[in-house]
2 protein chains.
Amino acid sequence: MARAALTTDAVVDVALLIIDEKGPAALTLSAVAGRAGVATPSLYKHVRNLAELRSLVSARIMNEIADQVGEAVLGRSADEAIRAVMMAWRHYALRHPHRYSALIQTPEPRTVEAGTRLINILLATFRAYGMADSAAIHAARCLRAAVHGFAVLETEGAFGLPEKLDESYDLLIHMMITGLHAPR
Amino acid sequence: MARAALTTDAVVDVALLIIDEKGPAALTLSAVAGRAGVATPSLYKHVRNLAELRSLVSARIMNEIADQVGEAVLGRSADEAIRAVMMAWRHYALRHPHRYSALIQTPEPRTVEAGTRLINILLATFRAYGMADSAAIHAARCLRAAVHGFAVLETEGAFGLPEKLDESYDLLIHMMITGLHAPR
DNA sequence: GCCATAAAGCTAATGTGATTAGCCGTGTTC
DNA sequence: GAACACGGCTAATCACATTAGCTTTATGGC
């Protein structure tokens, strides 16, 4: 071994710092190296390239979301659980808007793995409705799409009037819950 | 005047060609210039810079979506209209996945203007339910979030099993429609 | 038909970032 | 105490975006 120094995790930490401050577009290896007090090429000792750093960052973020959502759902079930999931997910996005924009959806192994944790939470929740596996998968996809769509649009500032967004989201939660109960 | 040659619109055409073939990340001024048979700096006679080109491209795409959705909704109302909107929107995304990924959500005037056309179609549709203005806005936001979320996730390949996606989307349509009818 | 002009194109140059190659010091380990 | 592997560094290359300034060519007015 050699000096203690930088680790891959520490590089990701710095990357998140930059993203939080200036958005995903500002994530460059130069910027990370500057923050870490190191020359740019030195980073290649810890990450393969910029693409890998982005993927590590994305996975870390997805894991954070899964953590928060998993925590929120503890001790709740059915409608209460759905509401808790949706609230926690959106709150994460609002607390870290730039991080949310840095999420990669493209099938990228690391993020997919973290995303699977999140999906499993949703599936477990839907089993509380007595749903069959297949039905739970469809329901989970719908919930994911709705929440993610709202979070993306809100964090990117795509909605016009900011003041009533809580109300809109309440409606979305309501629609999801009632939609799940309604017979096909 | 000078030679006929390139126009801003033609540059956007070429940009869309590149996006369709290789995705939004491949959209560089060099690539556009190469395709257009022109030196890179010549493009600056037609677009201010790469950022503006992206914004023009995004606006064009959003307008295409609004066109398709607007067409789909003709002659329909209420539930039928909602279903038609959702189907047309997703179909556009599936026909042009790379274009869908090239959409910019950030408050960017040109895209916002085109997006407003789309929102107005949704609002008009919700009035068919006899909704008040405020309720229609919340409903439109929810519909937009759900459809956009599904389209983003599907076009980026974020969903696992491709074969049942039609079924999942049917469920989403069902959830939206029943959710809209259910009382708060 | 001839010229001024403005549009549209071009070459050259600069700056930023990513990435690679190859060198150097420093702990760790035997 | 010497070999080694790790982590950092400098130098160099490449791809792009962007700017400056020159050249060419329609075209409208004469």
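The analysis underlying the following values was restricted to heavy atoms, covering all of them including side chains, and did not include hydrogens, waters or symmetry mates. Chain letters run A, B, ... following the sequence lines, proteins first, then strands; residues in each count from 1.
Of the residues in residues 34-55 of chain B, those with a non-hydrogen atom less than 4.0 angstrom from any atom of DNA chain D are B/Thr40, B/Pro41, B/Tyr44, B/Asn49, B/Leu50. If you check residues 19-27 of chain A against DNA chain D, you find no residue with a heavy atom closer than 4.0 Å.
In this structure B/His96 satisfies the ring-ring contact (aromatic ring centres under 6.0 Å, His included) test together with B/Tyr92, sequence neighbours excluded. For A/Asp9, the salt bridge (Lys or Arg N to Asp or Glu O under 4.0 Å) partners at least two apart in sequence or on another chain are A/Arg60. Not a single ring-ring contact (aromatic ring centres under 6.0 Å, His included) links A/His91 to another residue, sequence neighbours left out. Residues forming a side chain to side chain contact (heavy atoms under 4.5 Å, CB included) with A/Ala31 (at least two apart in sequence, or on another chain): A/Ile18, A/Thr28. Legend: residues meeting side chain to side chain contact (heavy atoms under 4.5 Å, CB included) with B/Ser58, ordered by chain and number and at least two apart, are B/Leu103, B/Ile104, B/Thr111. Residues passing the side-chain hydrogen bond (donor to acceptor under 3.5 Å, both in side chains) test with A/Arg35, sequence neighbours excluded: A/Glu21.
Counting only residues at least two apart or on different chains, the salt bridge (Lys or Arg N to Asp or Glu O under 4.0 Å) pairs with a member in residues 94-103 of chain B are B/Asp20-B/Arg99, B/Glu64-B/Arg99.
Comparing the helix axis at one end of the helix from C/dG1-D/dC30 to C/dC30-D/dG1 with that at the other, each defined from 5 consecutive pairs, gives an inter-axis angle of 10° (nearest 10°).
Between A/Leu29 atom CG and C/dT20 atom P there is a gap of 11 Å when expressed in whole angstrom units.
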Check: residues 145-162 of chain B side-chain donor-acceptor pairs under 3.5 Å, at least two apart:
from: B/His148; atom 1: ND1; to: B/Tyr100; atom 2: OH; distance (Å): 2.8
from: B/Glu154; atom 1: OE1; to: B/Arg90; atom 2: NE; distance (Å): 2.8
from: B/Glu154; atom 1: OE2; to: B/Arg90; atom 2: NH2; distance (Å): 2.9
from: B/Thr155; atom 1: OG1; to: B/Ala151; atom 2: O; distance (Å): 2.8
from: B/Thr155; atom 1: OG1; to: B/Val152; atom 2: O; distance (Å): 3.2
from: B/Glu156; atom 1: OE2; to: B/Ser101; atom 2: OG; distance (Å): 2.9

May I have the list of side-chain donor-acceptor pairs in residues 124-137 of chain A shorter than 3.5 Å, sequence neighbours left out?
from: A/Thr125; atom 1: OG1; to: A/Ile121; atom 2: O; distance (Å): 2.8
from: A/Tyr129; atom 1: OH; to: A/Asp79; atom 2: N; distance (Å): 3.3
from: A/Tyr129; atom 1: OH; to: A/Asp79; atom 2: OD1; distance (Å): 2.2

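Considering all non-hydrogen atoms of both residues, B/Pro24 and B/His98 come closest at CG-O, 3.6 Å.
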